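All values reported here derive from a predicted model rather than from experimental measurement. The figures here come from the full heavy-atom set of this structure, side chains too, leaving out hydrogens, waters and symmetry mates.
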Amino acid sequence: QVQLVESGGGLVQAGGSLRLSCVDSGRTFSNYVLGWFRQGPGKEREFVAALTSSGRTTWYDDSVKGRFTISRDNAKNTVYLQMNSLKPEDTAVYYCAARRDFGAITRGDLYDYWGQGTQVTVSS
């Protein structure tokens with residue numbers, strides 16, 4: 001069973017940085033593709049980034065490419081999202097999610113497990 005818990009959210013000024021973490025308490029973490037999604041106020045949930053079980057292949061939404069970096073430490077059962085040069089439009093609840101394959105990687109409905117989310121607020 002995969003159980004995901006996010007942390008690291010908070011309030012930051014535009015241009016600042018945050019690092020989100022997502023820990024899995026299960027024992028099969030290294031087998032899963034992991035992704036980050038976000039849902040801003042009044043918006044639908046959207047894909048942010050994902051990476052394969054090995055961490056060697058990554059995907060990013062164009063809106064965060066060059067600013068955000070996804071990574072994982074399988075020894076610590078943790079996936080990270082380093083967010084730099086934050087903008088007010090990055091304000092959202094950020095969720096990590098897990099799935100076994102990587103087809104249609106941006107589709108949230110294909111992820112099997114979700115965390116509870118962590119709030120990121122970027123002030124202008």
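Distance check, rounded to the nearest 0.5 Å: CG of Asp101 to OG1 of Thr52 gives 12.5 Å. With values rounded to the nearest 0.5 angstrom, Asp24 atom CG is found 8.0 Å from Tyr32 atom OH. Taking CZ of Phe47 as the start and CH2 of Trp36 as the end, the distance is 12.5 Å to the nearest 0.5 Å. Distance check, rounded to the nearest 0.5 Å: CG of Leu81 to OG of Ser21 gives 9.5 Å. To the nearest 0.5 Å, the span separating CH2 on Trp59 from NZ on Lys65 amounts to 12.5 Å. Here the OG-CZ distance, from Ser53 to Arg99, works out to 12.0 Å after rounding to the nearest 0.5 Å.
A cation-pi arrangement, defined by a distance under 6.0 Å to the six-membered ring centre and an angle within 45 degrees of its axis, is present between Arg72 and Phe29.
Tested against Tyr80, the residues Ile70, Thr69, Asp73, Leu34 include a single side chain to side chain contact (heavy atoms under 4.5 Å, CB included) partner, Asp73.
Tyr111 and Ile105 get closest at one heavy-atom pair: OH-O, 2.8 Å. In this structure, Ala98 and Val2 approach most closely via the heavy-atom pair CB-CG1, 4.3 Å. What you find for Leu20 and Met83 is that their closest heavy atoms are CG-CE, 3.7 Å. Ala14 and Ser124 get closest at one heavy-atom pair: CB-CA, 4.4 Å. Counting all heavy atoms, side chain and backbone alike, Gln119 lies closest to Thr121 at NE2-OG1, 3.3 Å. Between Val33 and Leu51, the closest heavy-atom pair is CG1-O, 3.4 Å.
Cluster annotation: Tyr60 and Leu110 are assigned to distinct hydrophobic clusters (Ile/Leu/Val/Met/Phe/Trp/Tyr, side-chain heavy-atom contacts under 4.5 Å, transitive). Note on Val79: it does not cluster hydrophobically with Phe102, by side-chain heavy-atom contacts below 4.5 Å among ILVMFWY residues.
For the pair Glu6 (side chain) and Gln116 (backbone), a donor-acceptor distance under 3.5 Å is present. Listed for the Arg67 side chain is a donor-acceptor partner under 3.5 Å among the backbone atoms of Ser63.
Classified by interplanar angle (parallel below 30°, tilted 30° to 60°, perpendicular above 60°), the ring pair Tyr94/Phe68 is tilted.
Here the side chains of Thr78 and Val23 are in contact, with some heavy-atom distance below 4.5 Å.
Looking at Asn84 and Ser17, their side chains do bring a donor and an acceptor atom within 3.5 Å of each other. Side-chain contact annotation: Tyr95 with Arg38, donor-acceptor N/O pair under 3.5 Å absent.
Ion pairing of Asp90 with Lys87 is absent here, as no side-chain N (NZ or NE/NH1/NH2) approaches a carboxylate O to less than 4.0 Å.
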Using side-chain contact (heavy atoms from CB on, under 4.5 Å), reason through Val122 and Thr91 one step at a time and then give a plain yes or no. CA-CA 5 Å; Val122 184; Thr91 294; 3.8 Å; yes
